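Since we're looking at a predicted model, the values are computed, not measured. Just so we're on the same page: letters track the sequence lines, and every chain starts at 1.
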Amino acid sequence: MILATWNVNSLNVRLPHVVDWLKTNEPDVLAIQETKLMDAKFPRDAFSDLGYNVEFYGEKTYNGVAIVSKHPINSVSRGLALQGTPQQCRLIEAEVNGIHIMNVYIPNGQEVGSEKYLYKLNWLDHLFHHFNENHANTTPIALLGDFNIAPGDDDVYDPLETRGSIMVSDVERASLERFREWGLSDSFRELVKESGQYSWWDYRMAAFRRNLGYRIDHIWVTDPIKSSLKRAWIDKAPRKLERPSDHAPVLIEFV
DNA sequence: ATGGTTGTAAAACAA
């Protein structure tokens, strides 16, 4: 079974890339973030024409998530309610092949200490409580998506230059570590130990060409999946295309 | 510290 995650930064613009990529890679499940599409405008047919089912949760201009799957998508649930703030479309979850798929677009946070940063930490708190209340770490769960956090110093191009900044700060990392303590493992790091492996490169400063990246897109899994992991990789090919997303797909294979 | 780029959508804002 192959699970994948990809922040496409506008499904409208990226649909040709996504369709080509699905044809080439044929994952069982693809979790998409930043569709930036209202549900009424979601290109469902583009996926069904390829033999994929799709469930989505979107809004105008920002955010938006979708689960694409060869298999039936059951028990779909959308959203994460935070008191006092309007809902943003950042979470969609479902059962696929006996696996609980949780597709997240964790807030970027903009700058450490900003209002958006506090929202990011608050959102992570709510996500963690949602885990504690609704799930057991003995069941097959994949938490995947754009986490907007580089878990370790090997996951960023320059740990000294970026130290303490957004996606790297100790507080963000500590918030994410709770999920590890709860029973999730970073599947990529279970299998790949090298540094310099990134999933996001800023559009600016020729960051991709210079490999000035961050590994912020993740597939974190519980032990039933971890114990059968075969492969984990980042597919940089779509990042090299004309008009690419700033993120590359991340994949795992397990039996 | 600022700026560099892309997407949305029509001037900023988010990333």
Side-chain angles (χ1 to χ4, degrees), chain A residues 5-21 31-43 46 56-66 79-80 82 85-92 103-124 127 144-151 155-158 160-169 171-173 175-176 198-218 234 236-250:
Chain A
T5 178
W6 191 7
N7 179 323
V8 299
N9 186 20
S10 169
L11 187 56
N12 218 11
V13 172
R14 229 64 65 194
L15 187 59
H17 289 189
V18 174
V19 167
D20 286 349
W21 190 85
I32 297 176
Q33 304 85 38
E34 281 206 272
T35 59
K36 300 186 176 180
L37 282 174
M38 289 186 294
D39 289 348
K41 299 200 170 179
F42 195 94
F56 39 84
Y57 180 47
E59 62 188 290
K60 194 171 148 72
T61 309
Y62 302 118
N63 310 313
V65 285
L80 188 69
L82 272 67
T85 56
Q87 177 85 255
Q88 299 182 1
C89 298
R90 296 180 177 276
L91 170 66
I92 184 168
N103 177 14
V104 291
Y105 175 44
I106 293 174
N108 170 281
Q110 199 162 57
E111 191 180 349
V112 171
S114 68
E115 201 170 310
K116 290 193 172 63
Y117 177 76
L118 297 177
Y119 182 81
K120 179 180 197 172
L121 296 177
N122 194 226
W123 201 90
L124 281 160
L127 183 68
L144 76 174
D146 178 358
F147 287 26
N148 270 315
I149 299 175
D155 301 316
V156 61
Y157 69 95
D158 188 336
L160 290 179
E161 183 173 311
T162 58
R163 187 166 64 184
S165 65
I166 198 68
M167 301 190 285
V168 178
S169 73
V171 174
E172 290 168 81
R173 284 176 169 173
S175 186
L176 183 57
Y198 309 127
S199 66
W200 176 78
W201 302 260
D202 201 304
Y203 284 124
R204 298 165 288 188
M205 308 293 286
F208 182 65
R209 184 176 57 73
R210 301 158 66 198
N211 200 27
L212 304 180
Y214 294 68
R215 194 173 68 87
I216 57 173
D217 299 272
H218 304 291
I234 298 167
K236 287 163 77 169
R239 190 63 177 77
K240 300 171 183 170
L241 300 172
E242 287 292 314
R243 256 192 127 181
S245 167
D246 42 356
H247 296 252
V250 178

Check nucleotides 10-12 of chain B for protein N or O atoms closer than 3.5 Å to its own N or O atoms and list the pairs.
none

OP1 or OP2 of B:dA9 under 4.0 Å from side-chain N/O of A:T61
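For B:dA9, OP1 or OP2 has a side-chain N or O of A:T61 closer than 4.0 Å.
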
Item to complete: Check ring-ring contact (aromatic ring centres under 6.0 Å, His included) between A:Y214 and all other residues, then give those that pass, not counting sequence neighbours.
Response: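 ring-ring contact (aromatic ring centres under 6.0 Å, His included) check on A:Y214 returns A:Y157, A:W200.
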
Notebook entry, point to check: For A:F56, which residues count as a ring-ring contact (aromatic ring centres under 6.0 Å, His included) partner, sequence neighbours excluded?
Noted result: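 Counting only residues at least two positions away or on another chain, A:F56 forms a ring-ring contact (aromatic ring centres under 6.0 Å, His included) with A:F42.
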
Can you list everything that forms a side-chain hydrogen bond (donor to acceptor under 3.5 Å, both in side chains) with A:Y105? Sequence neighbours excluded, please.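 By the side-chain hydrogen bond (donor to acceptor under 3.5 Å, both in side chains) rule, A:Y105 matches A:E34.
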
Notebook entry, point to check: Can you name the side-chain hydrogen bond (donor to acceptor under 3.5 Å, both in side chains) partners of A:R163, sequence neighbours left out?
Noted result: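 Applying side-chain hydrogen bond (donor to acceptor under 3.5 Å, both in side chains) to A:R163 gives none.
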
**Study point:** Test salt bridge (Lys or Arg N to Asp or Glu O under 4.0 Å) applied to A:D146 - qualifying residues, sequence neighbours left out
**Key:**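 With sequence neighbours excluded, A:D146 shows a salt bridge (Lys or Arg N to Asp or Glu O under 4.0 Å) to no residue whatsoever.
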
- Query: Among all residues two or more places apart in sequence or in another chain, which pass the salt bridge (Lys or Arg N to Asp or Glu O under 4.0 Å) test with A:R90?
  - Reply: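 Checked A:R90 against salt bridge (Lys or Arg N to Asp or Glu O under 4.0 Å); zero matches.
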
Which one, [options], comes nearest to the side chain of [X]?
| X | options | value |
| --- | --- | --- |
| A:Y203 | B:dT8, B:dG3, B:dT5 | B:dT5 |
| A:S10 | B:dG4, B:dA15, B:dT8 | B:dT8 |
| A:N12 | B:dG7, B:dA15, B:dT8 | B:dT8 |
| A:R204 | B:dT5, B:dA14, B:dG7 | B:dT5 |

| Applying salt bridge (Lys or Arg N to Asp or Glu O under 4.0 Å), which residue pairs with at least one partner in residues 110-124 of chain A are found, sequence neighbours left out? |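 Every salt bridge (Lys or Arg N to Asp or Glu O under 4.0 Å) pair that includes a residue of residues 110-124 of chain A, provided the two are not neighbours, is A:K120-A:E172.
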
Q) Of all of residues 237-249 of chain A, which get a heavy atom below 4.0 angstrom from DNA chain B, listed by number? A)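 By residue number: A:R243.
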
Exercise for the section: Using heavy atoms to find the nearest nucleotide of DNA chain B for A:Y105 and A:R14 separately, return the residue whose nucleotide is more 5′. Expected result: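 The residue mapped nearer the 5' terminus is A:R14.
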
